[in-house]
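Worksheet for the structure shown next.
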Amino acid sequence: MRQLQGMDASFVALETRNSPMHIGSILIYNPETAPGGFVRFKDILSFFEGRLQLSKLVRERMVKVPFDLDYPYWIQDPDFDLEYHIRHIALPQPGDWRQLCIQAARIFARPLDLKRPPWEFTVVEGLDNIPGIAKGSYALVTKVHHAAIDGKSGIDLMEAQHTLTPDAPPLNSPDDWKPEKVPSTAELLGKSYLNALTNPTKQLEVAARAVPGVAKAIKGLAVKDFEVSREMIAPRTRFNRTISSHRVVEGRSVPLADIKAIRTAVPGAKVNDAFLAIIGGAMRRYLLAKEDLPDKTLTAMAPISVRTDGEKGDMGNQVAAMIAPLGTHLENPVERLQYVYSQTTNSKAMSDAMGARNMTEMSKVSPALFMALGARLYTRLGLADRVGPPFTTVVTNVPGPPIPLYSAGARLESMMGLICLTDGMGLGHVVQSYLKEATISFTACRDIMPDPEFYAQCIEESFEELRDAAKAAAPSPGKPQPAKKTAKPKPKPAAKKAAPKKPAAKKRPAKKAPAKRTAPKKAAPKKAAPAKSRARKT
């Protein structure tokens, strides 16, 4: 029996009927590499059953302490049933991308049963009318409670449930898993009493470790290593209010090589800066179409992994947070990238000064009762509709494997992330890479964003605009690239650009008209440009 950490427990405290706190993916598999070119549901069950020992979380369930007097505990579930956690459905005809997104959103909107191991995988067949998807392919819609994993440990879990070759032999090591007895109420209350006695000492230890970081931050502020800017305070938007229980999911895939080329338009910029600038451009387009764009820049909370090499494979959350202004007040895409780079550089300097790891450790000693009460009051008092948001959206970047993976012999073709929402944050993004593809996907409250196809189109057009602008700004061969300032640029109107080229062969509807959902675009064999998308973007 082991106890949840503070951040993990916060995801349990934040959970409500309208805000289930799980994350997940839509994974698309092509069974042509499996024996006989076909995968049955019982093959999938058998494959997962043979690899359960590779992941700690799959057979762990949560036990809550009465009255939330202490953090919950993980125990090995004595009633574990694999077939409860892996389900099987099929799309009705015609089995297109829109139907898959709707079905995935419905699955993702339902809370997990926290009296069982908090994860579910749903096999979805019938994907026969999605451009770029081979006949007979199937999807796997996954959801795992955020208390159990963060983005990095989620990738570790995914790798544990895949093989590097389609014909990999079964594991030959014995599975020594043993179930545990569910602790009694008296046992849990006794442990919470002992923890309450020792928690003040832990708080003092964490505070002592944080003192050097605070001193470093004050010194950095004084010598202007970074600055605390009003631009880091988000304006209120339509995305920042109380959410419903309904969800929509969508997204777009782009060539990873194009993202790497985009960042070279601003010396020093990172791949994550390019993604943030694309998302900033997409949110700008969407809100302009609604005549609802604030004059002030929108911001994103970008999680930072503080997981050490020694913690690889550990479940739970090892992340800190960074606020990243998105440059939505700037029309010129390269200026927006320059601005995002300057702001993320500033935010990283601030996080480094404070010590990102220290911020994570502080969450582990927050009193459980106060955390639970605070989360409930925030929801019940409707504070999301009254208090300004700390940030506009979340953008989490999860680098995926650069090599092909297989499950039950079927080749993983595409992957798109899904994210949990809370009151005050009705739109979240996941950027995920796999092989030569990067997918920018989003999860939103359906009441807040009833037109996800249009926002997906905004993402695509923002990418195309920045890609083309970066190419135009690139120096001619043989000529040195002029140095660019890192100071944030002043907003100025940009010249109207020609209609950007589409990254895939399939043409999209004109701007403002909701685009037809098609599978996310994939790089075509032996071609540099992306072709059909294997799993449509969520």
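None of the values given here were measured: they were computed from a predicted structure.
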Rounded to the nearest 0.5 Å, the CD1 atom of Ile440 sits from the CD1 atom of Ile259 at a distance of 5.5 Å
Shortest non-hydrogen contact between Phe48 and Ser407, atoms and distance: CE1-OG, 4.1 Å
Could you check whether Ser55 and Gln161, counting side-chain N and O atoms only, form a donor-acceptor pair closer than 3.5 Å? no
For Tyr73 and Val65: C-alpha separation, side-chain torsions, deciding distance, then whether side-chain contact (heavy atoms from CB on, under 4.5 Å) applies. CA-CA 8 Å; Tyr73 289 85; Val65 176; 3.9 Å; yes
To the closest 0.5 Å, what do you measure between CZ (Arg467) and CG (Asp258)? 6.0 Å
What pair of heavy atoms forms the shortest contact from Pro118 to Leu112, and how long is it? O-CD1, 3.4 Å
Verdict with reasoning, Met301 to Met425, per side-chain contact (heavy atoms from CB on, under 4.5 Å): CA-CA 11 Å; Met301 188 277 279; Met425 194 197 75; over 6 Å; no
Pair Glu120-Tyr84, side-chain contact (heavy atoms from CB on, under 4.5 Å): steps then yes or no: CA-CA 8 Å; Glu120 290 175 12; Tyr84 171 85; 4.3 Å; yes
What's the separation between atom CG in Leu91 and atom CD1 in Ile130, rounded to the nearest 0.5 Å? 7.0 Å
Does one side chain, of Gln53 or Ser173, offer a donor that lies under 3.5 Å from an acceptor on the other? yes
Ring pair (Phe, Tyr, Trp, His ring centres under 6.0 Å) against Phe80, all qualifying residues, sequence neighbours excluded: His85
Answer whether the closest heavy-atom distance between the side chains of Thr393 and Phe239 falls below 4.5 Å. no
Counting only N and O atoms by type, is there a donor-acceptor contact under 3.5 Å from the side chain of Lys135 to the main-chain atoms of Asp128? yes
Aromatic ring pairing Tyr138/Tyr29, orientation class (parallel under 30°, perpendicular over 60°, tilted between): parallel
Here the pair of heavy atoms bringing Val12 nearest to Ala147 is CG2-CB, 3.8 Å
Around Lys181, counting heavy atoms of other residues, nucleotides and ligands shown, do more than 12 lie under 6.0 Å from its NZ? yes
Thr392 and Leu326, any side-chain heavy atoms less than 4.5 Å apart: no
Between atom CG of Leu140 and atom CG of Leu412, what is the distance when rounded to the nearest 0.5 Å? 9.5 Å
I'd like to know whether Arg61 forms a side-chain contact (heavy atoms from CB on, under 4.5 Å) with Ile75, so could you lay out the CA-CA distance, the side-chain angles of the two residues, the decisive distance to 0.1 Å, and finally the verdict. CA-CA 6 Å; Arg61 60 157 287 193; Ile75 67 165; 3.7 Å; yes
Is there a side-chain hydrogen bond (donor to acceptor under 3.5 Å, both in side chains) between Gln432 and Ser441 once you walk through the steps? CA-CA 8 Å; Gln432 203 158 31; Ser441 60; over 6 Å; no
Heavy-atom count check: over 12 atoms from other residues, nucleotides or ligands less than 6.0 Å from Arg106 CZ? no
Which heavy-atom pair separates Arg285 from Ser462 by the least distance, and what is that distance? NE-N, 3.9 Å
What residues form a ring pair (Phe, Tyr, Trp, His ring centres under 6.0 Å) with Phe108, not counting sequence neighbours? His22
Identify, with sequence neighbours excluded, every residue that meets salt bridge (Lys or Arg N to Asp or Glu O under 4.0 Å) alongside Asp77. none
Any non-hydrogen side-chain atom of Asp423 less than 4.5 Å from a side-chain atom of Thr16? no
Intermediate values then yes/no, side-chain hydrogen bond (donor to acceptor under 3.5 Å, both in side chains), Asp70 and Gln3: CA-CA 9 Å; Asp70 201 359; Gln3 195 166 26; 3.0 Å; yes
Yes or no on side-chain hydrogen bond (donor to acceptor under 3.5 Å, both in side chains) for Gln457 and Glu461, after CA distance, side-chain angles and deciding distance? CA-CA 6 Å; Gln457 181 183 334; Glu461 290 175 352; 2.9 Å; yes
Drop me the distance from Asp81's CG to Asp79's CG, to the nearest 0.5 angstrom. 9.0 Å
Relative to each other, are the rings of Tyr455 and Tyr286 parallel, tilted or perpendicular (30° and 60° limits)? perpendicular
pair Leu4-Phe11: side-chain heavy atoms closer than 4.5 Å: no
Are any of the side-chain heavy atoms of Pro404 and Tyr434 separated by less than 4.5 Å? yes
To the nearest 0.5 angstrom, please state how far the CZ atom of Arg2 sits from the CD atom of Gln76. 8.0 Å
Could you tell me whether a side-chain N or O of Arg98 sits under 3.5 Å from a main-chain N or O of Gly95, the two making a donor and an acceptor? no
Least distance between heavy atoms, Ala470 atom then Ala265 atom: CB-CB, 3.8 Å
Student check: side-chain heavy atoms of Val431 and Ile279 closer than 4.5 Å: yes
Tightest non-hydrogen contact, residues Phe442 and Pro452, listed as CZ-O, 3.4 Å
Would you say the side-chain atoms of Ser244 pair up with the backbone N or O of His246, donor to acceptor, closer than 3.5 Å? yes
